[in-house]
Amino acid sequence: MPILISPRILNAPPESFNAIGWDLRGGEGMSSTATRPDTSYLLRKLHSFTGVLPVGAFLAEHFWSNSSALVSAEKYNATSQELQTIPFRLIVEWGGIFLPMLFHGGYGIYIWLRGKSNVSAYPWVGNWLYLTQRYTGLIAFAYIGWHLYTERWLTHGRSTYANVAEDMRNPWYLAFFVAGVLASSFHLGVGIWNFLCKWGLAATVKAQQAAGRFGALVGVTFSVVGILIILSFRFDWHPFSAYLPTK
């Protein structure tokens, strides 16, 4: 049965959403939760920031470069090799990716341990988003960490299309990748909405609703692209092979 919400509530200022379990300002106060007093305002702002720019940008670049597998195995190998020859690669990786990612994941786990959801008592959308954001964050952190460990450090960045395709033949590995891609995409989409609200870039109710729609669009787009890339490796499928120049 649909839930009817009074027009008076819909037109209320953002802070009044706390009364029904919504806090559209973003952050861990996204839902009605039982938490300790917040004494880490700056760290929480930085946590939100690192989730969008260094970490979110890394996911965007990673999906973009890996989508070359949709063209051909050779294109993927060439793109992977090109990324390994970027000048100052180690500085860029550690300063712009690994350290921000470790902070975002580590502090996110700290927040996760402190927070206590109450979706059973207050089953509002904000509460469910908060709960799902916590668990998808854990899955995404484990997935990205494992992916970097196996594809970056163990192989020293020399993993080929054939290596990844062989991994995808393992059903457990395939399931882990699908779960990781979906969790990372959802987490990023909600994180963008959270960031826009937390940093005051979406201050009004209308702007926060638009930010939520934008975050949902990002999450769905990343999910679709990620699954297509996985299918390319699993079935040796290259739907954009026509992009290759003819000889």
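Residue numbers run from 1 in the order of the sequence given.
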* To do: Start with the C-alpha gap between S80 and N77, add the side-chain angles, then the distance that decides, and say whether side-chain hydrogen bond (donor to acceptor under 3.5 Å, both in side chains) holds.
  => CA-CA 5 Å; S80 179; N77 291 336; over 6 Å; no

* **pair L148-F98: side-chain heavy atoms closer than 4.5 Å** =>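 Heavy-atom side-chain distance check passes, below 4.5 Å.
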
* Asked: Do the side chains of L196 and Q208 get nearer than 4.5 Å, heavy atoms only?
  ->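 With C-beta onward as the side chain, the pair stays apart.
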
How long is the straight-line distance from [atom2] of [Y] back to [atom1] of [X], given to the nearest 0.5 Å?
X: Y76; Y: S67; atom1: OH; atom2: OG; result: 11.0 Å
X: I109; Y: L113; atom1: CD1; atom2: CG; result: 7.5 Å
X: K75; Y: L70; atom1: NZ; atom2: CG; result: 12.0 Å
X: F58; Y: E61; atom1: CZ; atom2: CD; result: 7.5 Å
X: L43; Y: L46; atom1: CG; atom2: CG; result: 7.0 Å

* Do R134 and I111 pass the side chain to side chain contact (heavy atoms under 4.5 Å, CB included) test, and can you show the C-alpha distance, the side-chain angles, and the key distance before you say yes or no? -> CA-CA 9 Å; R134 288 165 59 182; I111 293 174; over 6 Å; no

* Asked: Residues two or more places apart in sequence or in another chain: which of them pass salt bridge (charged side-chain N to carboxylate O under 4.0 Å, His left out) with R89?
  ->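 Expected list: E93.
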
Could you go through residues 169-182 and list every donor-acceptor pair under 3.5 Å that involves a side-chain atom there, pairing it with any protein atom two or more places apart or in another chain?
unit_1	atom_1	unit_2	atom_2	d
N170	OD1	W172	N	2.9
N170	OD1	Y173	N	3.4

* To do: Give the cluster check for V92 versus W94: same hydrophobic cluster or not, with ILVMFWY residues linked at side-chain heavy-atom distances below 4.5 Å.
  =>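 No, V92 does not connect to W94 through the hydrophobic network.
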
* Asked: So if you build clusters from Ile, Leu, Val, Met, Phe, Trp, Tyr with side-chain heavy-atom gaps below 4.5 Å, do W64 and V52 land together?
  ->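 Hydrophobic grouping puts W64 apart from V52.
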
* Determine whether more than 12 heavy atoms belonging to other residues, nucleotides or ligands lie under 6.0 Å from atom CD of E166. =>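 Open.
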
* Asked: Around atom CD of Q84, are there more than 12 heavy atoms of other residues, nucleotides or ligands at under 6.0 Å?
  ->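 Counting other residues, nucleotides and ligands, CD of Q84 exceeds 12 neighbours.
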
Please tabulate, for side-chain N and O atoms in residues 219-232, each donor-acceptor pair with protein atoms closer than 3.5 Å (sequence neighbours left out).
unit_1	atom_1	unit_2	atom_2	d
T221	OG1	L217	O	2.8
S223	OG	G219	O	2.8
S232	OG	A69	O	2.9
S232	OG	W237	O	2.8

Please list every donor-acceptor pair under 3.5 Å in which a side-chain atom of residues 138-147 meets a protein atom from a residue at least two apart or in another chain.
unit_1	atom_1	unit_2	atom_2	d
H147	NE2	H62	NE2	3.0

* **Working for side chain to side chain contact (heavy atoms under 4.5 Å, CB included), residues K198 and F49** => CA-CA 9 Å; K198 180 184 286 288; F49 179 82; over 6 Å; no

* What do the steps show when you test S184 against L59 for side chain to side chain contact (heavy atoms under 4.5 Å, CB included), and what is the final call? -> CA-CA 8 Å; S184 300; L59 284 176; 4.3 Å; yes

What heavy-atom pair brings [X] and [Y] nearest, and what distance separates the two atoms?
X: S159; Y: V164; value: OG-CG2, 3.6 Å
X: A207; Y: A203; value: CB-N, 4.1 Å
X: M168; Y: F233; value: CG-CB, 3.8 Å
X: L188; Y: G51; value: CD1-O, 3.8 Å

* Taking the six-membered ring for Trp and the single ring otherwise, decide whether the centroids of H238 and Y161 are under 6.0 Å apart. =>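 Close enough - the centres of the two rings lie under 6.0 Å apart.
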
* Asked: Is a side-chain donor or acceptor of H187 paired with a backbone partner of T136 at a separation under 3.5 angstrom?
  ->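 Here the side-chain-to-backbone pair does not exist.
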
* To do: Please confirm whether the backbone N or O of T50 pairs with a side-chain atom of H104, one donor and one acceptor, at under 3.5 Å?
  =>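 No, H104 side chain to T50 backbone: no donor-acceptor pair under 3.5 Å.
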
* To do: Assign the ring pair Y107 / F103 to parallel, tilted or perpendicular, where the plane angle (0 to 90°) is split at 30° and 60°.
  =>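 Judged by the thresholds at 30° and 60°, the geometry between Y107 and F103 is parallel.
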
* Apart from L42 itself, what residues make up its hydrophobic cluster when side-chain heavy atoms of I, L, V, M, F, W and Y under 4.5 Å apart count as a link, directly or indirectly? ->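 For L42, no cluster forms, as it stays isolated from other hydrophobic side chains.
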
* Members besides L83 in its Ile/Leu/Val/Met/Phe/Trp/Tyr cluster (side-chain heavy atoms under 4.5 Å) ->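 I86, all in the cluster of L83.
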
